[in-house]
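Report on one structure; see the data block that follows.
From a predicted model like this one, the values you see are computed outputs, not experimental measurements. The sequence lines fix the lettering, A, B, ..., with proteins before strands; numbering per chain opens at 1.
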Amino acid sequence: MWKWLHPYAKAERAYQLCNTLLPYFVVVSVLCIVVGWVWGLAYAPADYQQKDSYRIIFIHVPSAILSMGAYSSMAIAAIIALVWQLRNAELAVIAIAPVGAAMTAIALITGSAWGKPMWGAWWVWDARLTSELILLFLYLGVLSLFHAFEDKKAGGKAACILAIVGVVNLPIIHFSVEWWNTLHQGGAITKFDTSAIDPSMLWPLLINILGFAALVGMLTLIRLKNEIIQVEKHRPWVRQLVSRG
Amino acid sequence: MQFESFSDFIAMGGYGFYVWLSFGSCAVIILGLLFGSLYEGKQLKQQVKSQMAREERIKKAKEMEAQV
Amino acid sequence: MQVSNSYWTLFCSVYKKDVTLAFRQRAEIVNPLLFFLIVITLFPLAIGPEPGLLARMAPGIIWVAALLSTMLGLDKIFRDDYMDGSLEQLIASPYPLPLAVLAKVAAHWTTAGLPMVVMAPVFSMLMNLESQALGATILTLLIGTPLLSFIGAIGAGLTVGLQKGGILMSLLVLPLYIPVLIFATSAIDTSIMSLAYSGQLAILGAMLAVALVAAPIAISSALRVSVS
């Protein structure tokens with residue numbers, strides 16, 4: 001595997017890989033999100049309890065899942081960056097962080113827009129909302145730490161360390177907040193067969209989750225390409241690329 | 001189709017404001033990030049290009065000097 | 001000299017140096033305590049002086065004040081050594097950096113955390129905290145403040161090389177303090193209801209044990225990044 005992976009440590013190869021992968025992510029995310037949104041908004045049946053307000057679930061749940069997924073992939077990239085000293089993994093950490101922060105922000109906004117009609121308040125200090133808010137703080141911490149450094153190389157390393165510290169703490173924070181207060185409805189799709197949610201609603205939700213996952217991948221790839229160019233801007237291959245395109 | 005008419009679809013059974021607020025802000029954030037990133041990339045490439053042009057000019061100026 | 005012996009000497013000398021420095025400039029010890037006191041004074045003024053209300057809010061207020069006042073000293077924990085270059089010497093020395101870091105964190109706790117534990121009875125009196133909760137307050141502060149020093153030192157290590165590290169450090173560190181806050185205040189709350197609070201203390205102790213092992217490593221790698 002190392003033999004196969006090793007060439008991608010070179011920035012140029014990584015850039016080319018981004019370019020080859022990008023179209024697939026674009027197609028999957030656009031297709032799934034368009035289908036998922038239209039299906040979710042117009043064709044899925046209304047919930048008997050929450051009526052049409054439940055349709056927020058089609059973006060709330062995917063963005064919440066992806067906010068945590070993006071954090072764990074950021075932490076994995078950070079571990080790779082620190083252990084094997086791969087510059088590209090460091091860049092990936094910096095590329096994922098804003099995307100994850102955006103997902104977290106979406107989860108928070110949609111959560112409070114859903115909470116207003118359901119709980120009667122924009123913001124409830126419930127366990128999941130609170131840990132999502134803390135997750136947003138962690139993302140913003142990684143980003144602002146990176147941008148505070150003049151030397152981007154040191155900034156990238158520092159951001160990696162903070163991401164790892166955060167991922168160690170995240171379960172503790174999540175568990176403690178959960179234990180501190182729980183008002184939120186439990187997870188609805190923990191198991192497929194005993195799912196608490198009707199298939200007519202589950203399918204658009206799954207499609208949306210897939211679409212959001214591809215979207216996160218797509219945005220990360222776009223940002224990663226930028227970061228690679230930023231770092232390698234004095235290299236001949238970047239110059240060739242620029243003068244060609 | 002769950003809704004009788006387009007205005008029903010917009011109203012979302014009375015929850016229109018919340019539903020459209022969520023979907024709207026979601027779209028705004030995603031599109032903002034997408035176009036921001038694309039613009040940033042374009043800007044970066046432009047920077048590299050102008051840097052190259054600058055070096056070219058300096059090289060030419062030096063050649064002129066050498067000729068004189 | 002024996003190796004284990006010299007490790008112990010390193011720990012002691014770093015610890016002694018930091019504590020002595022702090023005691024020379026007494027403001028470093030007194031100011032966080034004064035800050036703690038002032039924050040606690042502000043709360044009754046802001047929310048009203050009813051004893052019942054204050055007693056209900058006391059655990060939270062004491063702990064939030066403790067969080068904020070440990071933040072005050074954190075900025076200095078590596079800054080001076082970074083400025084005069086002795087941090088670089090420590091990194092370059094053949095001794096394990098985590099050990100020196102451990103000594104520095106211990107010194108920070110002795111000068112910032114320990115005085116708060118000692119003064120805790122006074123503060124809980126000011127907040128009308130019920131007497132049966134006093135033991136819990138002291139115990140949670142005793143276990144919790146070293147934890148705060150450890151977590152905070154990670155943030156301090158990451159930001160030591162930056163010009164305006166202070167505010168950024170609080171942004172990085174405060175979210176990580178949340179579990180400590182939750183379990184400590186819940187222990188005090190439980191003790192007010194005269195229930196057993198050993199569970200919360202055990203969790204705090206477990207977190208301290210993890211921090212004792214893992215934090216020095218994280219702090220030293222953060223320092224290596226900042227100094228290089």
Heavy-atom pair of closest approach, residues [X] and [Y]:
X      : Y      : result
A:P98  : B:L33  : O-CD2, 4.2 Å
A:I109 : B:S25  : CG2-OG, 3.3 Å
B:G41  : A:N226 : CA-OD1, 3.1 Å
B:I29  : A:I106 : CD1-CG1, 3.8 Å
B:Y18  : A:I56  : O-CD1, 3.8 Å

Listed by chain and number, what are the side chain to side chain donor-acceptor pair (under 3.5 Å) partners of A:W237, not counting sequence neighbours?
A:E232
Looking at the rings of B:F23 and A:W37, which for Trp means the six-membered one, are their centres under 6.0 Å apart?
yes
Could you tell me the separation between the [atom1] atom of [X] and the [atom2] atom of [Y], rounded to the nearest 0.5 Å?
X      : Y      : atom1 : atom2 : value
A:K116 : B:S22  : NZ    : OG    : 13.5 Å
B:I30  : A:I59  : CD1   : CD1   : 8.0 Å
B:L38  : A:I222 : CG    : CD1   : 4.5 Å
A:K225 : B:L44  : NZ    : CG    : 12.0 Å

Residues two or more places apart in sequence or in another chain: which of them pass side chain to side chain contact (heavy atoms under 4.5 Å, CB included) with A:K233?
A:Q230, B:Q47, B:V48
Under 4.5 Å heavy-atom distance to chain A, tell me which part of B:Q43 shows up: side chain, backbone, both or neither.
neither
Okay, B:L21 and chain A: the region with an atom under 4.5 Å from a heavy atom over there is side chain
Step by step, would you call B:K45 with A:V238 a side-chain contact (heavy atoms from CB on, under 4.5 Å)?
CA-CA 9 Å; B:K45 282 184 181 162; A:V238 175; over 6 Å; no
Suppose a student defines contact as a heavy atom less than 4.5 Å from any heavy atom of chain A. Which residues in residues 53-62 of chain B would they list?
B:E55
Considering heavy atoms only, which positions within residues 140-151 of chain A lie below 4.5 Å of chain B?
none
Which atoms of A:L215 approach chain B - backbone, side chain, both or neither, heavy atom under 4.5 Å:
side chain
Counting heavy atoms not belonging to A:W203, are there more than 12 under 6.0 Å from its CH2?
no
Side chains of B:K49 and A:R239, heavy atoms from C-beta outward: is any pair under 4.5 Å?
no
For B:C26 and A:F58, run side-chain contact (heavy atoms from CB on, under 4.5 Å): C-alpha distance rounded to whole Å, both residues' side-chain angles, the deciding distance at 0.1 Å, then the answer.
CA-CA 11 Å; B:C26 175; A:F58 296 119; over 6 Å; no
